[in-house]
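First listed ligand is number 1; within each ligand, the first listed atom is number 1. If you're wondering where the values come from, they're calculated on a predicted model, not measured in any experiment.
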Amino acid sequence: MIFPSLISLRQANNRKGFLSAIVLVFLSTLSQAQSSVDPASIKDKMQWFADAKLGIFIHEGIYAVNGIDESWSFHNKKITYADYMKQLQGFTLKKYDPEYWADLIKESGAKYAVITTKHHDGVTMYDSQVDNLNIVKSTPARRDMIKPLFAALRERNIKCGAYFSLIDWSNSNYPGFLKDSSRYNVHDDYDRWNKFRAFFQSQIKEINQKFKPDLWWFDGDWEHSAEEWEAAKVRDIILTGNKNAIINGRLQGYGDYETPEQNFPVSRPAFNWWELCMTANNNWGYHPDDTNWKTPYQVITIFTDAVSNGGNLLLDIGPRADGSISDEDVYLLKELGAWNKRNGEAVFNTIAGIPQGHFYGPTTLSKDSTVLYLFLQGNISGSVTLKGLQNKIKDITVLGTGTHLSYNIVGKISWSKVPGLVYINVPKGVQDKYVTALKVSLDGPVKLYNGKGGL
Ligand code: H79
């Protein structure tokens, strides 16, 4: 699922050539899945998301009671459905402190958060009026998890996202159930499917009205087609209530951005807006048996790689069933936040960096392209090289310390238009604990030479 319309703007940014951008803009007008309720400019609508770079994903649900796979554990028959649902009785949220969650998210530097309103198990994390399978009516928590969190996030100027599973393996009118058994086939019983459609769409309306998410994060679209979900209508329902809401790409072609899951793009994705969603250990929800935590260094290198390629990182945490958050999740968010305090200038409100080959590492650019940021992975000292930079350099500093760095231009032949190599001297002692960001201020918008050398 690639949206040509999304490609065009970034291509233009990427200086890939005016002509190809024009062709793509033309194509985009032919094929964008937009409707009359879409805002005039998708680019304007997407701007906060493009600038945000970091979001925190929260998987909180009854699966945290036993610390097992969210929904998939019963679907894949690791536990019976009845035993899975017994977890309802253990879901207390008794230590839930939405202000603390929001403080922690703020401290991480994230600009948005996305929380599960309903996973594939069908349990809603708010008081749904169309189903009793919700944590207010069916668990000892007896409270809505979403509203107070959104309020606390908004007080801190953090955008609010609602994860919503299209799949609902608990609903008696939903076809899918266990991995090897379904209730019925849509084609054999459209009346029953229509009942399910009315049901899930009324939940979307509820969430839109109650919480007004800035972003919708659908999941599970692969089980049915756009026609079966009525994806166009779902988009309209959301945008009619809130025309600037952003919709992720898991709506069978009717979303705004792509969502590679757990897998890291190797080179720059062709689509415009995208977001890597990734777990802090190997699981989305609370899973005490999983100790395979990513280190802050790993998360930060992945984060800078995503941003350098024009994407965001949506980093997941899985709180416990009582609403407390594990020390490991807290540690990661705090270390990430401390790094962002030192180096955030190189990340937030930037655009994707220069093409690979000019620098061996991730890069970003200021929006006007007059500042180039270079990320140094590991404890590099000695020198790093920039190739094919045509601009004059005004200054190079190390973010966080402000140290000015010296550089040499190597191999510049006076009469040739091929620029020399820039060797930047990186002394010992200026490095960041995790990833060092260098700020290279240029005499104008970045201009790159990518010819074959020679005369
Ligand atoms: O909520 C978290 C996970 O529970 C959910 N998305 C994240 C954010 C998720 N888990 N797995 N997946 C999404 C992808 C599942 C893909 C599969 Fe399939 C479903 C593999 C087999 C069935 C789709 C359909 C891919 C291959 C066939």
Side-chain angles (χ1 to χ4, degrees), residues 1 54-79 81 84 87 110 112-125 135 145-146 160-170 174-182 185-186 200 203 207 213 215-226 228-229 231 246-253 255-265 274-287 289-290 292 294 299 302 306 311-319 321 329:
M1 236 188 327
L54 181 65
I56 301 300
F57 211 170
I58 306 166
H59 274 68
E60 174 68 312
I62 64 166
Y63 35 88
V65 173
N66 292 1
I68 54 176
D69 293 356
E70 67 293 343
S71 311
W72 295 92
S73 50
F74 77 78
H75 179 76
N76 290 331
K77 308 211 298 192
K78 289 185 188 162
I79 184 174
Y81 181 71
Y84 183 92
Q87 295 177 104
Y112 64 109
V114 179
I115 186 161
T116 43
T117 60
K118 175 172 98 163
H119 205 266
H120 314 330
D121 61 12
V123 181
T124 48
M125 308 308 286
I135 62 164
M145 189 174 81
I146 309 300
C160 300
Y163 169 104
F164 183 87
S165 171
L166 293 163
I167 292 174
D168 187 334
W169 289 323
S170 280
Y174 188 74
F177 180 40
L178 305 178
K179 66 175 177 181
D180 53 7
S181 61
S182 325
N185 192 321
V186 170
F200 91 84
Q203 288 190 323
I207 293 169
L215 183 152
W216 279 82
W217 214 101
F218 287 108
D219 202 7
D221 67 340
W222 59 80
E223 286 208 353
H224 295 279
S225 65
E228 285 169 359
W229 293 122
I246 291 175
I247 301 172
N248 79 333
R250 300 191 184 187
L251 190 56
Q252 292 288 14
D256 298 312
Y257 72 90
E258 284 293 318
T259 57
E261 177 167 327
Q262 298 283 31
N263 296 302
F264 321 106
W274 65 274
E275 169 201 71
L276 167 67
C277 57
M278 184 181 84
T279 49
N281 50 5
N282 287 344
N283 281 280
W284 297 98
Y286 177 63
H287 233 286
D289 59 343
D290 175 359
N292 197 13
K294 294 179 180 75
V299 171
I302 293 165
N312 290 2
L313 174 67
L314 184 62
L315 176 67
D316 181 74
I317 60 171
D329 276 338

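Classification of the F57-Y163 ring pair by plane angle, with boundaries at 30° and 60°, yields tilted. Aromatic ring pairs are classed by plane angle as parallel below 30°, tilted from 30° to 60° and perpendicular above 60°; the pair W169 and H120 is perpendicular.
With hydrogens and angles left out, the side-chain atoms of T279 and Q262 include a donor and acceptor closer than 3.5 Å.
Look at D219 and R250 and you find a salt bridge, because one of the NZ, NE, NH1 or NH2 atoms lies within 4.0 Å of a carboxylate O, short of that distance.
Side-chain atoms of Q87 and I68, non-hydrogen and from C-beta on, do get closer than 4.5 Å to each other.
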List of N/O pairs, ligand 1 versus protein, all under 3.5 Å?
residue  : atom   : partner : partner atom : Å
ligand 1 : 1 (O)  : H59     : NE2          : 2.7
ligand 1 : 1 (O)  : H119    : NE2          : 2.8
ligand 1 : 1 (O)  : Y163    : OH           : 3.3
ligand 1 : 1 (O)  : D219    : OD2          : 3.4
ligand 1 : 4 (O)  : E70     : OE2          : 2.7
ligand 1 : 4 (O)  : W72     : NE1          : 3.0
ligand 1 : 4 (O)  : H119    : NE2          : 3.1
ligand 1 : 6 (N)  : D219    : OD2          : 2.7
ligand 1 : 6 (N)  : E261    : OE1          : 3.2
ligand 1 : 6 (N)  : E261    : OE2          : 3.3
ligand 1 : 10 (N) : W72     : NE1          : 3.3

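Y63 and W284 have their aromatic ring centers separated by at least 6.0 angstrom.
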